[in-house]
Amino acid sequence: MQKKLLTVQDISCIGQCSLTVAMPIISSYGIETCILPSAILSTHTGGFKGKFTFRDLTDDFPEIIRHWTENAIRFDALYTGYIGNAKQFEYINIIKNTLMAEGAPIIIDPAMGDNGRLYTGFDLEFAGKMAEYVSGSDYALPNITEAAFMLGAEFKTEYDEDYILSICRGMRDIGAKNTILTGVSFEPELLGIAAYNGETDTVEYRFEKRIPVNMHGTGDIFASAFAGALLGGRTAVDAASEAAVFVGRSIINTLDQPDHFYGANFESVIANKDKH
Ligand code: PXL
């Protein structure tokens, strides 16, 4: 039977991130993709000129949940990304506890920062609330910045496997069952993920050739492809590895558009998916 996933994150009208990434990518895996928009922004918060608009949709959450409950809606997975208001965690926890099918995986991308910094609009208090919220995840998908902020750990750009293991164990200790840590690199030419299984306390690494550019929205592309591949039946490690390849191709396909500063051309990867 076709699976039905609910994703909660913002609509950035322009910016190739969050819902405009999640919906097409997850749908391309054949998954019915239901949405709960957390906010509507004119653009994402990173790098456009002037003041972006931000309409918080928290007040709509209780009525939306009420109506879904009335219709006995059940989701086969939950994937949450950028949440612009910590009040929404309470509502999402209600969805988690009442509207999920038995065994539905909870995938949480604590999208709130990168490169050692929180995105505009977030602070340490929010990071603390995200840490509490992430305790309900089967799969947490932080980058090293987000994990360090949630754990109150030192953010390092140069590190060894012991540091990565300590971050992963920290994630387990705050309640994440499994963690896929993104943006892991032990040598300059390679970039990849650490897939940590909290039950067995083991890490598996997957690396790709690093493309030395920083692009917005790649975390969202990764998380969306991961969710699609996982629900498609891949193991977590294989889903993460496939998602990393998806991100790499999206970046490569953007390199011929040097003026395209705000996101990555993931659409080309969907368009060519069957050809690889
Ligand atoms: O890609 C993460 C993201 C999602 N949503 C909004 C953002 C960002 C990153 O900056 O600003 C609104």
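For this chain, numbers begin at 1 and follow the sequence in order. Every value quoted in this text rests on a predicted model; they were computed, and no experiment measured them.
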Measure across [X] and [Y] and return the closest heavy-atom pair with its distance rounded to 0.1 Å.
| X | Y | answer |
| --- | --- | --- |
| Met130 | Ala111 | CE-N, 4.3 Å |
| Thr145 | Asn115 | OG1-N, 3.1 Å |
| Asp76 | Lys3 | OD2-CA, 3.4 Å |
| Gln2 | Ile31 | NE2-C, 4.0 Å |
| Pro110 | Met150 | CG-CE, 3.6 Å |
| Ser268 | Asn253 | OG-ND2, 2.7 Å |

Can you list every salt bridge (Lys or Arg N to Asp or Glu O under 4.0 Å) pair that touches [range], not counting sequence neighbours?
| range | result |
| --- | --- |
| residues 217-234 | Arg234-Glu242 |
| residues 18-45 | Lys4-Glu32 |
| residues 100-126 | Glu125-Lys129 |

message: Surrounding CD of Glu158 (heavy atoms of other residues, nucleotides or ligands, distance under 6.0 Å), is the total greater than 12?
response: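 It does not: Glu158 CD has 12 such atoms or fewer within range.
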task: Step through the shown structure and confirm whether more than 12 heavy atoms of other residues, nucleotides or ligands are within 6.0 Å of CZ on Arg55.
output: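 For Arg55, atom CZ is not crowded (no more than 12 foreign heavy atoms under 6.0 Å).
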task: Could you please spell out the steps behind the side chain to side chain contact (heavy atoms under 4.5 Å, CB included) verdict for Leu78 and Ile92?
output: CA-CA 9 Å; Leu78 174 67; Ile92 299 169; 3.9 Å; yes
Kindly work out whether a path of hydrophobic side-chain contacts (I/L/V/M/F/W/Y, heavy atoms less than 4.5 Å apart) joins [X] to [Y].
| X | Y | value |
| --- | --- | --- |
| Val184 | Phe226 | no |
| Ile221 | Ile11 | no |
| Leu141 | Phe207 | no |
| Ile25 | Ile108 | no |
| Leu230 | Ile193 | yes |

- request: Under the side-chain hydrogen bond (donor to acceptor under 3.5 Å, both in side chains) rule, collect the residues that match up with Thr80, sequence neighbours excluded.
  value: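 Scan of Thr80 (side-chain hydrogen bond (donor to acceptor under 3.5 Å, both in side chains), adjacent residues dropped) gives Tyr133.
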Qualifying residues under side-chain hydrogen bond (donor to acceptor under 3.5 Å, both in side chains), relative to Thr69, sequence neighbours excluded: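 Testing Thr69 for side-chain hydrogen bond (donor to acceptor under 3.5 Å, both in side chains), a comparison that skips the adjacent residues, returns none.
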query: Which residues pass the ring pair (Phe, Tyr, Trp, His ring centres under 6.0 Å) test with Phe149, sequence neighbours left out?
result: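 With sequence neighbours excluded, Phe149 shows a ring pair (Phe, Tyr, Trp, His ring centres under 6.0 Å) to no residue whatsoever.
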So do the side chains of [X] and [Y] get within less than 4.5 Å of each other, counting heavy atoms only?
| X | Y | value |
| --- | --- | --- |
| Ile73 | Leu6 | no |
| Asp201 | Arg169 | yes |
| Ile167 | Tyr159 | no |

Residue pairs involving residues 101-129 (criterion ring-ring contact (aromatic ring centres under 6.0 Å, His included); sequence neighbours excluded):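 Matches after skipping sequence neighbours: Tyr82-Phe122, Phe89-Phe126, Phe122-Phe126.
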With sequence neighbours left out, what residues match [X] under side chain to side chain contact (heavy atoms under 4.5 Å, CB included)?
| X | value |
| --- | --- |
| Glu199 | Asn197 |
| Glu204 | Arg206, Val237 |
| Lys177 | Asp138 |

Backbone of [Y] reached by a side-chain donor or acceptor of [X] within 3.5 Å:
| X | Y | result |
| --- | --- | --- |
| Gln88 | Ser38 | yes |
| Glu146 | Met112 | yes |
| Thr7 | Ile35 | no |
| Thr254 | Asn265 | yes |

Atom pair CG/OH of Leu5 and Tyr79 - distance to nearest 0.5 Å: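 Spacing of CG (Leu5) from OH (Tyr79) equals 9.0 Å.
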Anything under 3.5 Å between a donor and an acceptor, one on a side chain of residues 45-53, the other on a protein residue two or more places apart or in another chain? List them.
residue	atom	partner	partner atom	Å
Thr53	OG1	Ser42	N	3.0

Would you mind writing out the side-chain donor-acceptor pairs for residues 12-24 within the sub-3.5 Å range, not counting sequence neighbours?
residue	atom	partner	partner atom	Å
Ser12	OG	Asp10	OD2	2.7
Gln16	OE1	His260	NE2	2.6
Gln16	NE2	Ala264	O	3.3
Gln16	NE2	Glu267	OE1	3.1
Gln16	NE2	Glu267	OE2	3.2
Ser18	OG	Asp10	O	3.2
Ser18	OG	Asp10	OD1	3.1
Ser18	OG	Asp10	OD2	3.0
Thr20	OG1	Cys17	O	3.0

task: Verify side chain to side chain contact (heavy atoms under 4.5 Å, CB included) between Tyr163 and Ile144, making sure each step is shown before the conclusion.
output: CA-CA 10 Å; Tyr163 174 74; Ile144 297 175; 3.7 Å; yes
task: Mind running side chain to side chain contact (heavy atoms under 4.5 Å, CB included) on Ile164 and Tyr205 for me, showing each step along the way?
output: CA-CA 10 Å; Ile164 296 300; Tyr205 292 99; 3.5 Å; yes
